[in-house]
Amino acid sequence: MAIKNVAVVGASGNVGKPVTKGLIAAGFKVTAVARENSTSTQPEGVEVRKADFSSVESLTKALEGQDAVIITVASAAVGDQNPIIDAAIKAGVKRIIPSEFGHNPSKIKHQALNGLLVGKHKTIEYVIEQTKKNPATSWTGIATEPFFDWGLDAGLFGIDLQNKTIKIFDSGNQTVATSRLAFVADAVVAVLQREEETANKYISVAEFIVSQNQIKKILEEELGHEFQVIPVKTADLEAAGKSALEQHNYGAAFVPLLLAYNFGDNQGHGYTEKDAENVSLGLREINGADVKQAVRDWLKTRTA
């Protein structure tokens, strides 16, 4: 029987909102699983069930009757995803998609950054272990690479619209694979529509590959003014991240290490079109999206 009823844990979050919207548009019956103290609202037709995220019993009740569960809450916010995984199996859920969006941790060849992603590693190890014991439930990890629109908002591409500046990491020519949040939703829908082909594996997708200098050029063309470049050496970011790690300040370590990893020149881990599984999921080919239009769409959200 095809997947029809889908629970989204964290449906009001940055990833959860577009995923919920995408699922509804694709014809799935969506249930939002929220914390007991949540006051967030959901689109019409979405049932809201509240649960204690640390209680398997509470979560099992919330997941009853669901064919799939999508965990869209970041690990730092939800903490341990294991209770959700345990509850899904206990409730008879057929497919678990854990909160693994972004980079595929198994492909990151960076000791310090990998150490900060240990939670993601442990989640996948746990869901694999538990679904092997309970084969009626399967899992899919979806690696989408960094979020483009959210990353622009958060300054992860170095852009400061107000001050008309851009921090360029090294040469600014290093390309990075990235996906808008709506494309993340498309990937989730595609996985659920291809239940057998996507069971018990990691799926890698991305919307397009772009460099900082390409983004800078598009912004200058669209806005009609130049951006002042603030040069940043990724070697300095790497040193700052490792220094924070030595002080056990993991929050301060993550962003510098991630930026150095993504944008450092000649790192040898650049994403290529061959890495993406877009076509097999029925998604448009990587770079099939118009990057200029994506930047235009983002600018509209900043000036609305």
When you measure from the side chain of [X] to the backbone N and O of [Y], does any donor-acceptor pair fall under 3.5 Å?
| X | Y | result |
| --- | --- | --- |
| T72 | V9 | yes |
| S204 | A276 | no |
| N278 | R284 | yes |
| T198 | R194 | yes |
| N200 | W139 | yes |
| D67 | K4 | yes |
| S211 | N173 | no |

For this session: Taking the six-membered ring for Trp and the single ring otherwise, decide whether the centroids of F148 and F183 are under 6.0 Å apart.
Result: no

For this session: Determine, using ring centers only, whether H225 and F227 are less than 6.0 Å apart.
Result: yes

Rounded to the nearest 0.5 Å, what separates atom [atom1] in [X] from atom [atom2] in [Y]?
| X | Y | atom1 | atom2 | value |
| --- | --- | --- | --- | --- |
| L237 | N262 | CG | CG | 11.0 Å |
| Q42 | T31 | CD | OG1 | 10.0 Å |
| T123 | D80 | OG1 | CG | 6.5 Å |
| T144 | I203 | OG1 | CD1 | 12.5 Å |
| L257 | Y250 | CG | OH | 12.5 Å |
| Q174 | N266 | CD | CG | 7.0 Å |

For this session: Among residues two or more places apart or on two chains, list those pairs meeting side-chain hydrogen bond (donor to acceptor under 3.5 Å, both in side chains) that have a residue in residues 18-29.
Result: none

Exercise. Shared ILVMFWY cluster between Y202 and Y126, side chains joined below 4.5 angstrom?
Worked result: yes

For this session: Is it possible for you to say whether V291 and I159 belong to one hydrophobic cluster, with membership spreading through side-chain heavy-atom contacts below 4.5 Å?
Result: yes

For this session: Would you name the heavy atoms of V189 and A26 that are closest together and state the gap between them?
Result: CG1-CB, 3.6 Å

Exercise. In this structure, are over 12 heavy atoms from other groups packed under 6.0 Å from E222 atom CD?
Worked result: yes

For this session: Check whether more than 12 heavy atoms from other residues, nucleotides or ligands sit under 6.0 Å from atom CH2 of W298, and answer yes or no.
Result: yes

For this session: Could you give me the CA-CA distance, side-chain angles and deciding distance for R180 and E207, then say whether salt bridge (Lys or Arg N to Asp or Glu O under 4.0 Å) is met?
Result: CA-CA 7 Å; R180 286 177 289 183; E207 191 171 12; 2.7 Å; yes

Exercise. Who passes side-chain hydrogen bond (donor to acceptor under 3.5 Å, both in side chains) against N163, sequence neighbours left out?
Worked result: D160

Exercise. Passes side-chain hydrogen bond (donor to acceptor under 3.5 Å, both in side chains), Q247 versus S243? Steps please.
Worked result: CA-CA 7 Å; Q247 300 171 44; S243 176; 3.3 Å; yes

Got a salt bridge between [X] and [Y], using NZ or NE/NH1/NH2 to carboxylate O under 4.0 Å?
| X | Y | answer |
| --- | --- | --- |
| E64 | R49 | no |
| D290 | R296 | no |
| E57 | K61 | no |

For this session: Could you walk me through whether D153 and R302 pass salt bridge (Lys or Arg N to Asp or Glu O under 4.0 Å), step by step?
Result: CA-CA 9 Å; D153 282 339; R302 304 295 291 181; 3.2 Å; yes

For this session: Sort and list the pairs that fulfil salt bridge (Lys or Arg N to Asp or Glu O under 4.0 Å) and have at least one residue in residues 129-139, not counting sequence neighbours.
Result: E129-K133

